[in-house]
Amino acid sequence: MTKLEKEEILDHEISELIIPSQKVAIVQEGNTLEHALLVLIKSGYSAIPVLDRDYKLKGLVSTTLILDSILGLEKIEYDNLSAHKVEEVMDTKVARIMENGIFFKALELSINHPFLCVVNEEGVFTGILTRKSILAIIHRHLKH
Ligand code: AMP
């Protein structure tokens, strides 16, 4: 690959790859685990972003985290689904990138994360960037 071709990939705008927040399945930190599990199952995704009332990114919640939190010693405590909130089980370590971030940073983060959350200067969630879309861009460039 020439230097120019490499630069062409790395200069790629991430903005055009972003799935906007309106199209992303999300939950709020104050939602019950029951609600979050329903959203996860209905959306078909295993992990989705958690936001606060102001749409700020707070974490990620997954089916595994929820199910793990209701596992008792000998049985599943289904009642805990309605008694506990998303904020109690969510993972607050979220792979995030600014909406004006650079492609190389997105590529680097996507090695360990199937999707990245995109935020603006105020930490407001504006969408996601999937590993799939990043790989598709690289594939498109390498094909030629
Ligand atoms: P994909 O590349 O489409 O397989 O998506 C990878 C991951 O990104 C999924 O497993 C979800 O965790 C997340 N994701 C993708 N699209 C959405 C969406 N519309 N709403 C919520 N999460 C999504």
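Only heavy atoms go into these numbers, but all of them, side chains included; no hydrogens, no water, no symmetry mates. Counting starts at 1 for both ligands and their atoms, in listed order.
Here the protein heavy atom with the shortest distance to atom 6 (C) of ligand 1 is Pro114 O, 4.0 Å. Closest to atom 4 (O) of ligand 1 among all protein heavy atoms lies Lys132 NZ, 4.3 Å. Among protein heavy atoms, the minimum distance from atom 5 (O) of ligand 1 is reached at Thr130 CG2, 3.9 Å. Protein heavy atom closest to atom 23 (C) of ligand 1, with residue, atom name and distance, is Ile128 CD1, 3.4 Å. Nearest non-hydrogen protein atom to atom 20 (N) of ligand 1 is Ala25 N, 2.8 Å. Scanning the protein for heavy atoms near atom 19 (N) of ligand 1, the closest one is Lys23 O, 3.0 Å. Atom 13 (C) of ligand 1 has Phe115 CD2, 3.5 Å as its closest protein atom, hydrogens excluded (heavy atom only).
Shown here is Glu16, whose CD atom has more than 12 heavy atoms of other residues, nucleotides or ligands within 6.0 Å.
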Could you go through Ser82 and Glu34, starting from their C-alpha distance and side-chain angles, then the distance that decides it, and tell me whether this counts as side chain to side chain donor-acceptor pair (under 3.5 Å)?
CA-CA 5 Å; Ser82 51; Glu34 186 173 32; 4.6 Å; no

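Linking ILVMFWY side-chain heavy atoms closer than 4.5 Å, directly or via other members, places Val86 and Ile48 in a single hydrophobic cluster.
Atoms of ligand 1 found under 4.0 Å from any heavy atom of Ile48, numbered from 1 in the order shown, are 21 (C), 22 (N). Close approach of ligand 1 to Ala47 is summarised as follows: ligand atoms under 4.0 Å from at least one heavy atom of the residue are 11 (C), 12 (O). When each atom of ligand 1 is checked for a heavy atom of Val24 under 4.0 Å away, the hits are 18 (C), 19 (N), 20 (N), 21 (C). Distances below 4.0 Å separate heavy atoms of Tyr45 from the following atoms of ligand 1: 9 (C), 10 (O), 11 (C), 14 (N), 15 (C), 16 (N), 17 (C), 18 (C), 19 (N), 20 (N), 21 (C), 22 (N), 23 (C).
Leu57 approaches Leu51 most closely through the heavy-atom pair CA-CD2, 3.9 Å.
If you look at Arg131 next to ligand 1, there are no close heavy atoms at all, none under 4.0 Å. At a heavy-atom distance under 4.0 Å, no atom of Ile26 approaches ligand 1.
At distances below 3.5 Å, not a single donor-acceptor pair connects side-chain atoms of Asp54 with backbone N or O atoms of Lys56. Listed for the Ser62 side chain is a donor-acceptor partner under 3.5 Å among the backbone atoms of Leu65.
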